[in-house]
Amino acid sequence: MTALPVVCLLGATGTGKTEAAIRLAQAFDGAVINYDSRQIYRDLPLVTAQPTREEQARCPHHLYGFLPAGARRSAGAYARLVHAMAARVRRQGRLPILVGGTGLYLRAVLSGLAPIPDIPAALRADIQRECDRVGPHTLHARLAAVDPASAARIAPADRQRITRALEVYAATGRTLTDWHAQEATTGPEYAAVKIGLDISAHGYAQRLAGRIEAMVEQGAVAEVARAATRFPEGAWGLSGIGCAEILRHLSGELDLDAAKTLWLKNTKAYAKRQMTWFRKESGVSWFAPDDHQGMALLVQARLAGG
RNA sequence: GCCGAGGUAGCUCAGUCGGUAGAGCAGGGGACUGAAAAUCCCCGUGUCGGCAGUUCGAUUCUGUCCCUCGGCA
């Protein structure tokens, strides 16, 4: 089987990936496929900065806004969706263009994950409740007894990874370390052209601040309020950056300015984490965000050269 | 001009009874295998406003100058 050509756009939040993707799609008869973990929620198009209706009309877009804010999709499940969608786009004779900001998802798509089965939700909830009760350090010690290699790798305060390692062991009888030593399950083989959008320019912080202002003007607060009404018990989709701050504003804890300030701060910290991830991604060609022509030339050369 | 209060990290400040200094915020770096917009880890040399004096030693005490902010003129 020959490798499936795809373009992958990566870069921190607010760098102009949406526009760059549309330009490439128009130039190469492509279709945009989302790999962002938050732009999947239909209740939150504004705060998650999904492509607008107008933008989506300019070329085919897939895997945006298709889930209610109460749902979750694991990285593995999401990778399977992307595989299916990329194949379908290809069958239609189009070039798949993967766009997003979630480094783990991109890795799951391109390199695969360990073939660990899905863990029953009830078991996961039990372990998480226990973690809340006894604290991560206690569970870390328990992990050290069954899987010392994982315990050594995972920080004693990292409740997410500690509970993950414990639930995998509890559900499968095998340690995470054991699973990770196994070959990853992968989808189709991809020939990926990786394009990074680099914002090292000084205007970036201002750009993020402007984006938040625009989201608020366009009704982000009302959007989050609506979603919160629809999911009164709290929903995973409402835990994202922007939502969390707006919810605190709606509860009266923060005034709008304080919420926006926090929102910006959290967005900047997130952008930094994204760059830490993407910087070490191999084989990325970096471009200025508006250098659409340069990106197109690269894609053209790589598609021709194979 | 006079009186008072200050000048210490990008910002707000603490502190050193004389032994060249540290918090918060901001900022930076990193990790990452099904919650990832998540979850964690690490990072502080700065003419302590300038100059002089006392002292073994001054950011700390003294003098003087400069600057800022009040108040009075």
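Just so we're on the same page: letters track the sequence lines, and every chain starts at 1. For clarity, every value in this text was computed on a predicted model and none was experimentally measured. What's counted below: heavy atoms across the whole structure, side chains too, no hydrogens, waters or symmetry copies.
- Distance check on atom C1': rG7(B) versus rU59(B) gives 12 Å, rounded to whole Å.
- In the region residues 262-272 of chain A, proximity to RNA chain B at under 4.0 angstrom, judged on heavy atoms, holds for Lys265(A), Lys268(A), Tyr270(A), Lys272(A).
- Between Asp126(A) and Arg129(A) there is a salt bridge, since a side-chain N of the basic residue sits under 4.0 Å from a carboxylate O of the acidic one.
- Looking at Arg23(A) and Glu19(A), a side-chain N of the basic residue comes within less than 4.0 Å of a carboxylate O on the acidic one, giving a salt bridge.
- Checked by atom type, the side-chain pair Arg174(A)/Gln182(A) shows a donor-acceptor distance below 3.5 Å.
- Proximity of Thr276(A) to the phosphate of rG30(B): a side-chain N or O atom is located under 4.0 Å from OP1 or OP2.
- Inspection of the Asp147(A) and Ser150(A) side chains reveals an N or O donor paired with an N or O acceptor under 3.5 Å.
- Checked against a 6.0 Å centroid threshold, the rings of Tyr105(A) and Tyr78(A) count as neighbours.
- A salt bridge is absent between Glu245(A) and Lys265(A); no separation between the charged side-chain nitrogens and carboxylate oxygens falls under 4.0 Å.
- The closest side-chain donor-acceptor pair between Arg38(A) and Ser239(A) falls under 3.5 angstrom.
- Here Trp277(A) does not reach the OP1 or OP2 of rG30(B): none of its side-chain N or O atoms lies under 4.0 Å away.
- Taken residue by residue, residues 160-174 of chain A places heavy atoms nearer than 4.0 Å to RNA chain B at Gln160(A), Arg161(A), Thr163(A), Arg164(A).
- Proximity of Lys280(A) to the phosphate of rC32(B): a side-chain N or O atom is located under 4.0 Å from OP1 or OP2.
- Using a cutoff of 4.0 Å between basic side-chain nitrogens and carboxylate oxygens, Asp43(A) and Arg230(A) are scored as salt-bridged.
- Taking a cutoff of 4.0 Å between a charged side-chain nitrogen and a carboxylate oxygen, Glu281(A) and Arg107(A) do not qualify as a salt bridge.
- Between Arg273(A) and the phosphate of rA38(B), there is a side-chain N or O to OP1/OP2 separation shorter than 4.0 Å.
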Checklist outcome for this item: Given Watson-Crick and G-U pairs under 3.5 Å, RNA chain B in dot-bracket ([ ] crossing, | other strand) is (((((((..((((.....[..)))).(((((.......))))).....(((((..]....)))))))))))).
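- The shortest distance between the side-chain N/O atoms of Tyr78(A) and the OP1/OP2 oxygens of rG34(B) is not below 4.0 Å.
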